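Worksheet for the structure shown next.
Computed from a prediction, not measured in an experiment: that's the story for all the values here. So that the names make sense, note that chain A is the first sequence line, chain B the second, and so on, each numbered from 1.
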2 protein chains.
Amino acid sequence: MKAKKRVTIYDIAKKLNVTPSSVSRALNNSSYVNETTKKLILKTAEEMNYKRNTLASNLRRGQSKTIGVVVPRINQNFFANVIAGIEEITYKKGYNIIICQSGESYEKEVQSVNTLINQHVDCIVISISVDTEDYKHLQNVIDHQIQLIQFDRVAEELETLKVINDNEQASFEAVSHMISQGYRRIALLEGPQTLNIFRQRKNGYLQALAKHQMPVIDELIAQNAWTKELGATATRQLLSLSNPPDAIFASTSDFSALGVLEVANSMNFKVPQELGICGYSNENFSEITSPSITTIDQFSVYMGKTIANLFFQESENLQVETIPKVISIKPKLIARSSTEKNQQ
Amino acid sequence: MKAKKRVTIYDIAKKLNVTPSSVSRALNNSSYVNETTKKLILKTAEEMNYKRNTLASNLRRGQSKTIGVVVPRINQNFFANVIAGIEEITYKKGYNIIICQSGESYEKEVQSVNTLINQHVDCIVISISVDTEDYKHLQNVIDHQIQLIQFDRVAEELETLKVINDNEQASFEAVSHMISQGYRRIALLEGPQTLNIFRQRKNGYLQALAKHQMPVIDELIAQNAWTKELGATATRQLLSLSNPPDAIFASTSDFSALGVLEVANSMNFKVPQELGICGYSNENFSEITSPSITTIDQFSVYMGKTIANLFFQESENLQVETIPKVISIKPKLIARSSTEKNQQ
DNA sequence: TTTGAATATGCAATCGATTGTTGAAATTTA
DNA sequence: TAAATTTCAACAATCGATTGCATATTCAAA
């Protein structure tokens, strides 16, 4: 049994003794077909189990109705949520999304972007990897007239559409909250400063300290503590200082905050009385640790929807050139037990 | 400034005064081109920033080098991990994946599958939604000669490639473990029985009871308790019984197990002494609740890799018809504090 | 009956890349 | 040097759907 060929508009045309043009017009609901023949064609197409070849259609039309998404990892809550949000909107408009993971590698990011350009996607949505330090591949996207939307981790100098969180503000609020709770030696676990989001979060931390006339103590700033393990290691060092911090802001993620909590427990620091903890991202587990962890919600699903809507707005709005636009979503501080020093 | 057209092989051909055929051959590294011209063409293509139009290429070649994936939700740990696993393998082979979410709706699942057929994907990987009760759309995939791989939640009667967990065995082991820990009245939170995985987990539960000559008590089996909220509600009822259970197996997910834990705490049942709890899926939070929750790891990323590898094996193996094949992955029981009755 | 408009359909080019066939030039062999 | 062979490139068809233009048909108005 050899592979049957798929049914094409030619097959339908032949069967009904009309031209492929008419079949195509009928399927696209064009007005230039007789109502009767249109119905007949649609009925026959249905019967013959015809499926349009989107490849051919897109080639002819010069668009693909596809959006490419590049993220470091899809099995990371934040990114999975953003993608879910994007998909929810694009689906309704009949668009598909192609997903690529950069795995935090520059090489793979470039390759992913190239694949998407080859695929003639109508838009590329990207959150860059830690490794990414030059943006030729992104410039390339623009040069190919493909809409580029950066989100969360963005290359600031590139003038593209951006959907971001106001990290600095959120971070500022988190640290201010800790100060108002009575914490006085607040340590910072910072992420790789190549990523703008981590720079912004550090800024927010510094500004909150400044606003409250508190000194910046270098030994309380731990670099590159952006996983649970690295967070734990950094915490071990911090808590071993002769004058240890009374609070730790794990600005990178709730995972590192979790590392902090575990080390604090094992070293017998009482949370939140002797050590306040604040994380970032509102991972689902942060609510159920004991004590529950204060964190920052980024409205990730909403962010995804915003990205998709932005794309559709821009593509309907037929300006010759896109005006670089930045949509900033204000994250929300979620105060929980891990910073309730006052109440104790 | 009007949109520049993209560079095509014709542009390259014209510039170098050769034919498009030669350009194509050079780009595909065919042997029917002179080594010198090949190098020249490749160099020029590079300079002109040429990107192959995959649409045209695929149309001509009759394949798309694309795999479609349909899952209920992508921002659910298990599915996100499976997808990550698939992507890891397909990426290396130069394949793309297109993701669709069914959102547990039959309608949307059918539409997603149709879109993927239209896209001429080479393979469709699917885990069906709760709502799905007929399989015409899947049969349709087969009729279109598209490789179909079902995973996790599968339509058993359809003869396709399948990658599944041995749910029954895992469930059997989990309940046996609880029995060996000394629990005697073990309740079951079951999921919608339309899904095979939930039927299998129930079977495992029943078999474990049977093996240990324990009676099946109807009032200890709670139907449709497959979210955190539903799990909590069911638990409230179970613990209010005149003769409440001394353990609850939340066979649907760790989320419902979490619901159980919270209700147990609020109703002052001591876990694990007075109430044992076992979940399913090994969500990352199950390790850090207090007490930590016993659960079952499904090796989700590995499952994704298995799926992708299976596809490539089958497509290389040029048999005329695929032999329905089922790969079963044995999940692993992870015993934690929530079932440590013995040790207390 | 003729003219004009409206409607419906056919024809053929096009999107960009691939590939089987053919023929010319270059190289090897006799 | 002639014949045989190899190497390389051109030509043209093809994948399936879309669409501008041309033509045919129908019907109504003049």
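On a pure distance criterion of 3.5 Å, no polar donor-acceptor pair joins the side chain of A/Thr19 and the base of C/dC11. The base of D/dA9 is not paired with the side chain of B/Tyr32 by any donor and acceptor separated by under 3.5 Å.
OP1 and OP2 of C/dA17 both lie 4.0 Å or more from every side-chain N or O belonging to B/Ser57. Put simply, B/Asn58 has no side-chain N or O that comes within less than 4.0 Å of OP1 or OP2 on D/dC15. Taking only side-chain nitrogens and oxygens, B/Thr37 comes nearer than 4.0 Å to OP1 or OP2 of D/dA9. The side chain of B/Asn53 contributes no N or O atom lying less than 4.0 Å from OP1 or OP2 of C/dA17. Side-chain nitrogen and oxygen atoms of B/Ser24 include none within less than 4.0 Å of the OP1 or OP2 phosphate oxygen of C/dT19. Of the side-chain N and O atoms in B/Arg61, one or more sit less than 4.0 angstrom from OP1 or OP2 of C/dT18. OP1 and OP2 of D/dC8 both lie 4.0 Å or more from every side-chain N or O belonging to B/Ser22. Regarding contacts with the backbone of D/dA17, a side-chain N or O of A/Tyr50 is found under 4.0 angstrom from either OP1 or OP2. At the phosphate of C/dT18, OP1 or OP2 sits under 4.0 Å from a side-chain N or O atom of B/Arg52.
In summary, of the residues considered (B/Asp131, B/Thr132, B/Asp134), a side-chain hydrogen bond (donor to acceptor under 3.5 Å, both in side chains) with B/Tyr106 occurs for B/Asp134 alone.
A/Ser30 comes within 4.0 angstrom of no nucleic acid atom, judged by non-hydrogen atoms across all strands. Residue A/Thr8 is in sugar-phosphate contact alone, with no base atom involved, counting any heavy-atom pair closer than 4.0 Å across all strands shown. Residue A/Val18 is classed as a sugar-phosphate contact, given heavy-atom separations below 4.0 Å to backbone atoms only.
Closest to the side chain of A/Ile9, out of C/dG16, D/dA17, C/dA12, is D/dA17. Side-chain proximity of B/Arg25 to the nucleotides C/dT21, D/dG16, C/dC11 is greatest for C/dT21. With distances taken from any side-chain atom of A/Asn34 to the nucleotides D/dC8, C/dA8, D/dC15, the minimum falls on C/dA8.
Between the side chains of B/Asn28 and B/Ser30, no donor N or O sits under 3.5 Å from an acceptor N or O.
Taking both residues in full, the closest heavy atoms of B/Val70 and B/Glu109 are given as CG1-CG, 4.4 Å, listed atom of the first, atom of the second, then distance.
Salt bridge absent: A/Arg73 and B/Glu87 never bring a charged side-chain N and a carboxylate O closer than 4.0 Å.
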### Message
side-chain contact (heavy atoms from CB on, under 4.5 Å) for A/Tyr91 and B/Lys108? Distances and angles first, verdict last.
### Response
CA-CA 9 Å; A/Tyr91 170 78; B/Lys108 204 175 162 198; 2.9 Å; yes
